[in-house]
S.K.: 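Sharing a structure here in structure tokens format.
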Amino acid sequence: GVQSLSIALNSEVQENDALIFSIGKLSAFALGVAARFPGDTLEPVLISGGFLGAWVGQWLPMEESRSACEIFGMVGLFASCFRFPLTPVLIVLELTGTDSYYLILPVALSSFTALSISNHLFPPILEQILEQDGIYLEAVAELAETADEEEAEFKA
């Protein structure tokens, strides 16, 4: 996974290999979530996004644009799947190193764009998993508010 992505970041992957690997990794991710093993969901999404970005970037004329597309792919897919807008920006820029710090603002913009588009297309994956387990975040928030109000009344 991570070693293959580092090879892709160094532009050693053939044209369609990036797409094939991305589809395979996303399939493994979907199987893991469907089988209720969501323990390793973050890394496959990052890797799949990176390979999707590499596949898109191969069609651009400049070699430097390929690594930027890999970064945009990782951030965009992560943000759209998990609804964390800034977390993928920090993770990916740490993974790719200081050479990519000039991309912080465009990457953050792509993260928020992916987030807003995915909010209209499908519900968050982690929220679906919690609901399948009978955990409703809105009910938990209401319980927390009620507990805070009772604690404030008790102190007064």
Side-chain angles (χ1 to χ4, degrees), residues 1-60 63-97 99-101 103-144:
V2 175
Q3 293 169 341
S4 301
L5 186 60
S6 67
I7 291 171
L9 287 171
N10 294 327
S11 302
E12 298 173 16
V13 173
Q14 300 299 320
E15 291 180 3
N16 291 326
D17 290 346
L19 181 62
I20 291 168
F21 191 81
S22 178
I23 291 171
K25 200 65 163 170
L26 282 174
S27 300
F29 165 71
L31 269 170
V33 171
R36 308 294 296 139
F37 299 121
D40 190 25
T41 56
L42 304 179
E43 182 187 7
V45 170
L46 281 174
I47 291 171
S48 297
F51 277 104
L52 281 174
W55 183 73
V56 169
Q58 76 182 357
W59 304 107
L60 299 175
E63 188 64 34
E64 295 83 25
S65 60
R66 181 176 177 159
S67 63
C69 285
E70 291 168 355
I71 292 170
F72 288 130
M74 285 191 279
V75 169
L77 190 60
F78 191 96
S80 66
C81 286
F82 298 112
R83 304 305 200 277
F84 302 141
L86 294 177
T87 304
V89 174
L90 296 174
I91 291 172
V92 169
L93 292 177
E94 276 298 313
L95 284 175
T96 55
D99 294 341
S100 60
Y101 283 164
L103 290 173
I104 289 177
L105 194 57
V107 166
L109 181 63
S110 74
S111 176
F112 283 105
T113 303
L115 180 74
S116 63
I117 290 172
S118 65
N119 279 335
H120 294 292
L121 296 178
F122 58 91
I125 292 172
L126 294 178
E127 193 172 305
Q128 287 178 342
I129 291 171
L130 288 173
E131 286 177 4
Q132 288 174 358
D133 290 341
I135 301 170
Y136 298 96
L137 295 178
E138 290 152 4
V140 172
E142 289 175 13
L143 285 173

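Everything quoted here is computed from the prediction, not taken from an experiment.
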S.K.: Quick one: does L109's side chain get under 4.5 Å of L105's, heavy atoms only?
M.R.: no
S.K.: Report the residues that fulfil side-chain contact (heavy atoms from CB on, under 4.5 Å) with I23, sequence neighbours left out, ordered by chain and then residue number.
M.R.: L19, S27
S.K.: Residues in side-chain contact (heavy atoms from CB on, under 4.5 Å) with S80, at least two apart?
M.R.: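 Only L77, A114, S118 meet the side-chain contact (heavy atoms from CB on, under 4.5 Å) criterion with S80.
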S.K.: For residues 103-140, which residue pairs qualify under ring pair (Phe, Tyr, Trp, His ring centres under 6.0 Å), counting only residues two or more places apart or in two chains?
M.R.: none
S.K.: Roughly how far, to the nearest 0.5 Å, is the OG atom of S111 from the CZ atom of R83?
M.R.: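 Rounded to the nearest 0.5 Å, the CZ-OG separation comes out at 11.0 Å.
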S.K.: Test of understanding: with side-chain contact (heavy atoms from CB on, under 4.5 Å), list the residues that count as partners of P123, not counting sequence neighbours.
M.R.: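 Scan of P123 (side-chain contact (heavy atoms from CB on, under 4.5 Å), adjacent residues dropped) gives Q128.
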S.K.: Supply the atom-to-atom distance L42 CG to I47 CD1, rounded to the nearest 0.5 angstrom.
M.R.: 11.0 Å
S.K.: Roughly how far, to the nearest 0.5 Å, is CD of E70 from OG1 of T96?
M.R.: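 T96 OG1 to E70 CD: 10.0 Å, rounded to 0.5 Å.
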S.K.: Atom OG of S110 and atom CG of L115: how far apart are they, to the nearest 0.5 Å?
M.R.: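 Atom-to-atom, S110:OG and L115:CG are 11.0 Å apart.
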S.K.: Please enumerate all residues that pass ring-ring contact (aromatic ring centres under 6.0 Å, His included) together with F82, with sequence neighbours excluded.
M.R.: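 Residues passing ring-ring contact (aromatic ring centres under 6.0 Å, His included) with F82: F78.
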S.K.: Would a 4.5 Å heavy-atom cut-off, applied to side chains only, mark S22 and L26 as touching?
M.R.: yes
S.K.: Taking only distance into account, with no hydrogens and no angle test, what donor-acceptor pairs under 3.5 Å do side-chain atoms of residues 84-94 form with protein atoms, sequence neighbours excluded?
M.R.:
none

